[in-house]
Structure formats: C-alpha cells, structure tokens
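The next block holds one structure in the form of structure tokens; read it before the comments.
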Amino acid sequence: MRYKASEIEPKWQKFWEDKGIYKTNLNAPEKKLYSLVMFIYPSGAKLHCGHWYNYGPADTWARFKKLQGYNVFEPFGYDAFGLPAENYAIKTGVHPMESTLKNIDDIRAQIRRIGCMYDTNSELMTCDPAYYKWNQWLFLQLYKKGLAYRKKSPVNWCTSCQTVLANEQVLSDGSCERCGNPVVQKNLVQWFFKITDYADRLLDDLHLIDWPEETKTKQRNWIGKSTGAEVVFSVEGSDEKIKVFTTRPDTLFGVTYVTLAPEHPLVEKLTKPEFKPAVDKYVEQTAYLTEIDRQSTTKEKTGAPTGSFVINPINGEKVPIWIGDYVLLTYGTGCVMAVPGHDERDFEFAKKFDLPIRKVILQDGTSIDDEFEVAFTEAGTMVNSGKFDGMSSVAGKQAVIEELERIGAGKAKVNYRLRDWLISRQRYWGTPIPVVYCDKCGEVPLPEEQLPVTLPKDVEFKLQGDSPLKRHAGFMNTTCPKCGGHAERDPDTMDTFVDSSWYYLRFLDPKYEKGMFNTALTDNWSPVDMYIGGREHSVMHLLYARFIHKFLMDLGLVKTPEPFMKLVHQGTITNLGAKMSKSRGNVVNPEPYIDKYGSDVFRLYLMFMGPFELGGDWSDSGITGTERFAQKMYDLAQSHTGWLKNHKAADKYDLNHLSEPEKSVYRYVNRTLAKYQHEMEHLKFNTAIAALMELSNELSKNLNACRADLQTYTLQVVTHMIAPLAPHLAEEMAEILGREKSLFEEPWQFEPDPAALTVDSVTIAVQVSGKMRGTVTVPVDSDQDTVMNGATSDPKIAKFIDGNQVVKVIFVKNKILNVIVKQA
RNA sequence: GCCGAAAUGGCGGAAUUGGCAGACGCGCCGGACUCAAAAUCCGGUCUGGCUCACACCAGGUGCCGGUUCGACCCCGGCUUUCGGCACCA
C-alpha cells in the first residue's frame, strides 16, 4: 500500500497536540536540555526552504535527545519588529501590526506542518508590548550603569527623499534604491550601548563555550583587540592636542605627517584659511563614500593638507597635519601618526603626495642606505631613532612607551576594533526608547512604573521626511517625570537586535509580568544547551546576546556568563547562487513538496542532501530517493502488522545460536545502531540516513530468512532510529507493528550490543612503494609477518615485489602494509 | 578591499580525520514483471588504454608547488563561489 502522507501526517500532528506530548515539564530540570533555533522574522514571503533546513534537522536532533531520555525544551517565536513591515506599510498602507500578525498566523500554520515538537505554551512575539516593555526596562538598567549614552553618529541620508536609509536601501553605487539620488552621511545624535566595556570578557569567555572555531575567530577579529600606545602630539601655535593610537610606538621617529579622519571635529579648527576651500571640498566628497569603500586597500589614496603642524613629542620635530579618508573616525582616536616607511597605507599616501619617507626600522641583512620599494612592516633593528638606535624593534615598543610616559606625552594603550552598539533607529516599527527631553531638565529617563511606552497605532506612513513617530504629536508631547513641565519623547526606536539579545530567557515564561523573565525557571533552564542558526549571525546577533547576557549576570538576573553553550550553524540553502530572501525574489516555497511527498520525506531529503553545516544551491533532484526509502520502511511495517504482540523480541541475541542470515542481520542492525548514534549526536544526518539505507538494503536480502522474533527485534530498532528523522512515519510504523503509545512518550536505549560489533577478520590494504596493489584478509590484530605472508602469497601483489630488493616495510596494524622496493 | 568558509563522477555527496577515493542516493544504460503504463525488483555506471570478455595497466579529489613510505586530508602560493562587514534580520 502507498504511504499516504496527506492522511497520516495530520493524524499524528493532532495526536501529539491532543496528548500534549511536546509540553515540557519545566519543573523537572534534572536532565534538562534547552534546544533552540533562532526565531523567525515573519516576512510576507513566509517559510522558505532555508527555514525548513534550519528547523527540520534541529527538531530531529532534539527528538533524538528526547528519545535518549532528556527533558527537552524546544520553543519557537517571532522576531516581529523590523524594517520590511514598515516598508510594506509605506507601499500599501497596511499597518505593520496588521501585516505582521497576518504573517505570523500564516507561518504558524506552516510550522505546524513540519511537525516539530515546539512547546506552544512558550510562543512569543517581540512586537507585543508585554515583551518590548522589558527592552525598555533593560535600556533603563543600562542607562543607570552608564552603559547607555548618546553621541553623534552618521546615518545614510537621501537628500531627495529627506529620509534615513538602511544600508540595505543604499545601492552599491551609493544611490538611494527608491529614487536613485545620491546618499550622503549625515550626523545625528543617537543612543549607544557601551559594549566596548565588555570587550575583554567577550573575548576571554569564548573559551567557555562549545562553538565552531570559525565563529569564535570571527568574533575575535570583530572585537579586534590590539595593544600599543597612545601618543599625544601638540598642535604648533595652539593649545590643541592630537591623540593617536598606534600599535607601533617603536616607529615613532619615522613619523613624517599626521592624518585626521575628514569628519574629525578638529579639522574645522585646524584648517588654515588658505587651505579651507580644498579641505571643505574634500570633506564633502568623503560624505558620499561608504565605510567599505574607504577601507579598500586598492582604492587610490586621497587627502588634503590642513596647513597646520604638530610637534612629534619624541624628537620635537614639526610635521604637517593632513586629512585622508583612509582614516576612520570610528576606529581608535580618528587620527593616525603616519610612518610611511613602515606602514603600507601611509607609504602609498606619502608616495601620492610626495611626503618624506624615513627608515627607522632596519630589516635584518639590509643596509640603512637601501631605498624603500615597499613599506617594511615587520620587526627589525631601530635606526634614526636617537638613543634607541640599535635596539630591537620588539623591545623598542616598550622602551618608547616608557619614554612617552616619562615625558608625559603618551602611555601604553589597548585599542579595540569593536565599536559601541548604535541602537537608535529613525523608524516606527520597533521598541520606543524610554527617555524624554524636558525643556528644563534635559535628558530624563522614564521611571520604571511608566513602562511600557507603547507605540501609537494611528500613525501615517509616508515615503518622505520624518519618521511616523516624530510626526505624531500625541506621542511626542508628554510631561517631564521630574518637573511635570513639557517634554518631548525620543522619536527613535531600538535596533531589533535588542529584542533578540534576551528572548531565549523569556521563552521559559513568556507571559511573566513581574520581571523581564521568570528567574525561578531561567535559573534552572538557562543557559541554552544547543543553539542552531545561520552563519550570517556569527558576529552581530551572537555578540550582542553575549553582551546582554553578561550584563544581566552583573545585575544578578542570570547565573552563568554565557547564553549559548553549544552552537551549530546550518548551511545556507541558496537558490540561483544567492541566499533566499524576499527582496532578492528567489525564495523556494516548500509547500508544493509537502503536498506531493509529505513533510517527513521533505525533511528527510533536506537532511540527506548533504552535511547539515554545509548547505548548497537548491535542487529537488533526488527527493525521489528519500520518498522510496520512506515507502520501503512503510512496506516493511505493513508486512509485519501486529508482530510486536505476536512475536515478542528479546533484548539481545547470542550470535552462537543464530543462523548465517540471522547473524548477518543482527550484526548489521547493531553496526548501524553504533554508526547512527554517533552521526546523530554530531548532527550528521546525511550519513545517518545513508546508514539506514544500507541497512534497508541488507534487510531486503536477509530479513525474511530470520526467525520471527528477530524480525520483530529488527523492526523495533529500525522504527526507533527513524523516529527522530521522520516522526510521523515512525509513529505510523510503530502503530502498525502493534505499539499502543507514542514513540516519544518514553525513552529508548540506542546502545548497540557490543558482542555483535566484534569482528574476527579484517581486510588490509597492501601497497608496494606507495601504490595500491591489493588487499589481504587476516585475523584481527595480526602482526606484520602474518600480513606479509598473506601479501606475498597473493600473486597479484607478489609480482610487484618478486625480484626486487625490499628496502623498507611500513606496517600499521589492521590498516595498511606498505612494502618499499628498489627496482632490481 | 577586509574577516570567515567552500571546491571530490553527469548531479547531491561519502571517506573511521594521513592509510583500498567515489559509500548512500539521484540520473542514465540494460534486464525482469505488465496487454500497456505506474509502482517494484535485478544488474551496470570515474576517465583513458588494451581486450570478444574476464583480467590487466595508467591517470584521477579547482590550479601550481612542497612535506611524507603514503595526501581529498598537512604546509606555501593562486583561482572561483558563498556568508559577514556594524541601519536586512
């Protein structure tokens, strides 16, 4: 009979729901396992194959753990704030709340068809005031500790639309995606979270967590800790000082100019009148460039002199001040001391503008008079450096720092590439910032009792001008909680990464009202044991969540330093070579596949396609393979209807009492079990399924030749191995076999019978002079002589040895014999 | 540009992590069953040479080089593709 997924799958989904099989008992934290997938952004494109590729296999792993006896908590929720809903509102007039709730309803129905064990009690959505209230509360706690502050920072500004654009809305040529006009960088006062205060802890604690090394590396590089010195240069004829950060204080004598970022506040003050027109023009040009363009190492260097000079504190030398767009205001102090002899970027800049290049570090084995072809950026011996001459540049770093400290012109300094987290967004669909600006008292954080500040519903979405909140007088005008006078609210909302920085804690009790989350539960259930999501979140989301978790630990709200103990990235399923997204218009809808093959076959196919962590370009060729496999398994159950009752299986069998086909089947089942267990543990679903397919091939050969109760034994094991991979199918099989309970109602032992795994002979590869010449089958653990005898008595191998002189023999027990010969 | 990955038959991929390259599946070819089709089952399928055939020989894991008795795996240098680069989430 055909396996009818369209009938069987809804039947089990209803059964699971009715019996509440996936409701986690949160009051039993012994053997707890918190398994989490990154929650979904509910866009209008709904679930695509990429989502399935995340949720299906992740659920398979969680089910495997549940069968192993863990008390698994697997929640699901909605990352419901964000830009696309607001863009949709501008385009269609449909309110973001309306479109978002509609999308969530649609997605919820789709999610149900995957058949995951999501605990529906835990569902949450971040656009609910009961959720975002606690973003505001979190903001206030950060504010109290001095970790939320305001400063000026640039935004993308479309001069034509008169509106702020997201990076995504700026095309690669620097124009607005809506109107095609140029986009400029405009400074606005915005809120920041001081993540840089946590930089060292974020770096050091990486060793506490079981994360992919590639991800830890990305985070380390993102934080970008570097040690060096801060050097203070005084501006000639002025009280102004210019501070620079350098990792190479040993090259200080080689400074021939100083460069400021064009948008540096000192540029205005330091530019001499006769240089002003050129400088202003250059500053304006720079506003059109993105940061990525500016950091390009192949772009030709540009810049302009200011006409001012600074004094190098180490030698009293007077050097010019330039501005250049390769210097970024956001890194270090926004100024660099330029040492063209020993820095590639400074070298190029100096060549372009004919500035002097001085050698102060001598490369070993070269002469001090050799001309520079390129900058020498490695360690060497200090020269042209006054009293430091002859010192190694490595020791020189410390020596120069000590000298700077002595003369009060600098100090040792650690610098990070990591910048503070800008959380202000000039948009409507997000969490309002709980601060008002009073005519008298200035910046005033709201008292906690006034939370939440809710989003007004009656706003107008327009393409041009200010954000909807700023135009909403009823929202903007309020009273100061301090003096009772007139005050204005902050018109901005928070970055949605704030929402996703703590949602995993809220899942345990999403309706909790007495605090951000229910610590009675989170104390036992946090941290998350397994977190599964895409590599695109390697840095930002995962770094922000770690930061907020650490801050919550400092508040005493969580007890562990890290939120996610183990992390796995599923691969990206691309289509036509790019990540699936609505904006790219290349999403692949899974529904037709579910309709045709059923959810289990589709899930099996996604897992069988390749390694979970790899992903790849979408193709449905091959899904028939998993369909056939599912049908075979179903047929197998059908041909054994009721056997669980009629032919009871033993727990294990003694090989000595089995016939040859029985031995073969028993060994195969147990070997598969061992392999399966290992592969499932490590989320290698593709090879776990391949092992089951191999077993299926063996069974079609030998199962019918086995005694009845051994057949039952086999089917019982097979059904349990299928259960996490194709849960509906396995439940149906178990029912046909005569089982009365759900497979997921009680744990099951995946341990193979060790006696069935032992082998008495092994096939060893034989090479002659490194080339494969044949194999010999010998008793396990045979010594070199035995294998050698076997090899030389095989004429196919012997013909390559005979007549030649054996020079050397390499032998690895149970693996290989390599006979090195010299041609006679 | 910078940071992080990936590359193996016609296709998706496997290889106990330095020890028989191509498991498993798709596709394709041939056969069985059938009035026919679907479904199912059996056999074959890296490339080239040589053979009626079996056998045998040679080459082969993106490209160039290296280490090693032995390299898909380790090292150096490239190429191409993908993810991220702080306002997509």
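Fair warning: this is a prediction, and the values are worked out from it, not measured in the lab. First the proteins, then the strands, lettered A, B, ... as listed; each starts at 1.
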Counting the atoms with a prime plus P, OP1 and OP2 as sugar-phosphate, which does [X] contact under 4.0 Å by heavy atoms, base, sugar-phosphate, or nothing?
X	answer
A:F629	nothing
A:Q190	base
A:K771	sugar-phosphate
A:W421	nothing

Exercise. Under the rule syn = chi within 90° of 0, otherwise anti, which is B:G77?
Worked result: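 B:G77: anti glycosidic orientation.
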chi for B:U51 classified (syn = within 90 degrees of 0, anti otherwise) as anti
Quick one: is B:A86 close enough that its OP1 or OP2 comes under 4.0 Å of any side-chain N or O from A:N167?
yes
Practice problem: Check whether the ring centres of A:Y544 and A:F193 lie less than 6.0 Å apart, and answer yes or no. | Solution: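 Centroid separation for A:Y544 and A:F193: 6.0 Å or greater.
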* Using atom CG of A:L692 as one end and atom P of B:C24 as the other, report the distance to the nearest whole Å. =>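 That distance rounds to 14 Å.
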Write down the distance separating the P atoms in B:C74 and B:U80, rounded off to the nearest Å.
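Here B:C74 and B:U80 have their P atoms 23 Å from each other.
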Problem - Rounded P spacing from B:G25 to B:U45 in Å - result: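 That atom pair is separated by 15 Å.
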Stems field, RNA chain B, Watson-Crick or wobble, 3.5 Å, at least 3 pairs, by first number, holds B:1-7 with B:79-85, B:10-12 with B:24-26, B:27-32 with B:40-45, B:46-49 with B:56-59, B:62-66 with B:74-78
